[in-house]
Amino acid sequence: MKVTVALVILALLTSSAKANQEPFMRYMKITVTFLNFDTGERSNIGTTYASYDLRIKDHEIVAKTFEKGKALETRFHLQTPEYLNFVAKTNDPSIPEMRGRFLNSDYEECIMNADFIEQKLSVNGILTKIDQSHALSVKTMTNSLTGKVVGIVQEQVELISEEAFLTATVQK
């Protein structure tokens with residue numbers, strides 16, 4: 001589920017990073033569940049880990065997602081005039097460009113979408129903060145030809161320490 005990994009890495013940035021205008025690194029554990037509307041089944045997709053760097057001066061967020069020994073880098077380019085809209089591109093050519101908008105300048109919550117043309121799939125999602133260390137992302141996956149909802153991806157996001165992140169991704 002490459003789409004789920006790429007879309008969730010926007011989670012839980014804080015306003016203190018923006019106020020300080022300094023690079024800001026965070027680490028996350030992401031647990032992914034897929035609700036398949038065709039079969040009625042709920043599947044645990046697995047757990048991934050991500051790091052991200054808020055670069056206010058460059059109007060960019062750089063995120064790296066680690067899963068099964070592989071790294072995926074996604075760059076979120078924040079657009080003018082308010083730097084709330086974004087376009088995100090990843091180093092994996094199978095993942096299309098994503099677009100979205102942060103709900104405020106704290107960069108903690110957003111709406112997003114992407115179209116997987118070859119798979120005839122449209123993904124629309126929202127990321128919402130639950131508390132200081134947890135967020136929830138919910139994405140609706142729709143057949144772009146019929147408009148039928150085929151499933152929902154749920155991602156539970158938890159902020160973790162750098163040490164826990166390095167241990168989980170074996171990057172010492």
Side-chain angles (χ1 to χ4, degrees), residues 1-13 26-52 54 60-68 70-79 82-160 168:
M1 275 280 145
K2 291 180 183 179
V3 66
T4 63
V5 172
L7 291 174
V8 76
I9 52 186
L10 295 170
L12 300 173
L13 297 171
R26 284 279 179 118
Y27 304 95
M28 301 177 297
K29 175 182 175 182
I30 306 160
T31 305
V32 184
T33 303
F34 180 65
L35 306 173
N36 185 326
F37 281 27
D38 290 332
T39 65
E41 294 179 5
R42 177 185 199 99
S43 304
N44 179 6
I45 301 300
T47 301
T48 60
Y49 295 86
S51 67
Y52 57 86
L54 174 60
E60 181 178 62
I61 298 169
V62 178
K64 291 185 181 179
T65 305
F66 299 86
E67 179 180 21
K68 299 176 186 170
K70 294 182 181 180
L72 176 72
E73 182 176 285
T74 305
R75 291 183 175 269
F76 296 85
H77 301 281
L78 304 173
Q79 300 179 327
E82 304 159 318
Y83 298 107
L84 294 177
N85 292 333
F86 65 84
V87 175
K89 296 179 182 179
T90 181
N91 63 349
D92 181 341
S94 69
I95 298 176
E97 180 177 278
M98 295 170 277
R99 297 187 173 276
R101 180 171 175 84
F102 288 101
L103 302 182
N104 59 52
S105 62
D106 291 342
Y107 302 104
E108 295 177 333
E109 299 177 293
C110 70
I111 55 174
M112 62 198 88
N113 64 66
D115 292 310
F116 289 78
I117 296 169
E118 289 182 18
Q119 293 89 351
K120 299 174 182 66
L121 189 64
S122 177
V123 178
N124 294 288
I126 186 164
L127 174 69
T128 187
K129 185 176 174 179
I130 297 173
D131 60 32
Q132 287 302 104
S133 59
H134 296 89
L136 179 65
S137 173
V138 178
K139 294 172 196 69
T140 304
M141 303 174 84
T142 306
N143 180 310
S144 57
L145 296 178
T146 65
K148 179 183 175 189
V149 175
V150 295
I152 292 180
V153 175
Q154 296 176 330
E155 297 156 320
Q156 296 176 350
V157 181
E158 176 184 0
L159 287 179
I160 60 174

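All heavy atoms count here, side chains included; hydrogens, waters and symmetry mates do not. Worth saying up front: this structure is predicted, and the values here are computed from it rather than measured.
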Participant: Quick one: sort the F86 and F102 rings into parallel, tilted or perpendicular, breaks at 30° and 60°.
Facilitator: tilted

Participant: How close do D38 and K148 get, counting heavy atoms only, and between which atoms?
Facilitator: OD1-NZ, 3.1 Å

Participant: Starting from the C-alpha separation in whole Å, work towards a yes-or-no answer on side chain to side chain contact (heavy atoms under 4.5 Å, CB included) for T47 and E158.
Facilitator: CA-CA 11 Å; T47 301; E158 176 184 0; over 6 Å; no

Participant: So N104 and L84, side chain to side chain contact (heavy atoms under 4.5 Å, CB included) or not? Walk me through it.
Facilitator: CA-CA 7 Å; N104 59 52; L84 294 177; 5.6 Å; no

Participant: Measure the CD1-NE2 distance between I61 and H77 for me, rounded to the nearest 0.5 Å.
Facilitator: 11.0 Å

Participant: For the residue pair L159 and Q132, what are the closest heavy atoms and their distance?
Facilitator: CD1-O, 3.5 Å

Participant: From K89 NZ over to M98 CE, what is the distance, rounded to the nearest 0.5 angstrom?
Facilitator: 11.0 Å

Participant: Any side-chain donor-acceptor pair under 3.5 Å between T90 and D92?
Facilitator: no

Participant: Taking atom CD1 as the centre, does I117 end up with more than 12 heavy-atom neighbours from other residues, nucleotides or ligands that are less than 6.0 angstrom away?
Facilitator: no

Participant: Using the rule given for side chain to side chain contact (heavy atoms under 4.5 Å, CB included), can you reason through S51 versus F66, listing the C-alpha separation, both sets of side-chain angles and the distance that settles it, and then say yes or no?
Facilitator: CA-CA 8 Å; S51 67; F66 299 86; 4.2 Å; yes

Participant: Just so I know, are the side chains of F37 and I152 near enough to count as touching, which here means a heavy-atom distance under 4.5 Å?
Facilitator: yes

Participant: Under a 3.5 Å cutoff, is there a donor and acceptor pairing between the side chains of R99 and N113?
Facilitator: no

Participant: Rounded at 0.5 Å granularity, tell me how far CD1 in I30 sits from CD1 in I45.
Facilitator: 13.5 Å

Participant: Look at the side chain of Q156 and the backbone N and O of T31, then say whether any donor-acceptor pair between them is shorter than 3.5 Å.
Facilitator: no

Participant: Without swapping roles, check the side chain of T65 against the backbone of A50 for a donor-acceptor pair under 3.5 Å.
Facilitator: no

Participant: Do you know which two heavy atoms are closest between T74 and A88, and how far apart they sit?
Facilitator: CG2-CB, 4.0 Å

Participant: Other residues, nucleotides and ligands only: do more than 12 of their heavy atoms fall within 6.0 Å of CD on E97?
Facilitator: yes

Participant: Show the nearest heavy-atom pair for residues F116 and I95, with the distance to one decimal.
Facilitator: CE2-CA, 4.3 Å

Participant: As a quick check of understanding, evaluate side chain to side chain contact (heavy atoms under 4.5 Å, CB included) for E73 and K64, giving each step before the final call.
Facilitator: CA-CA 4 Å; E73 182 176 285; K64 291 185 181 179; 3.2 Å; yes

Participant: How long is the gap from CZ on F76 to CD on E60, to the nearest 0.5 Å?
Facilitator: 10.5 Å

Participant: Which pair of non-hydrogen atoms, one from S144 and one from L121, has the smallest distance, and what is that distance?
Facilitator: OG-N, 3.6 Å

Participant: Rounded to the nearest 0.5 Å, how far apart are NZ of K129 and CG of L136?
Facilitator: 14.5 Å

Participant: Please report the interatomic distance OG(S137) to CG(L127), rounded to the nearest 0.5 Å.
Facilitator: 5.5 Å

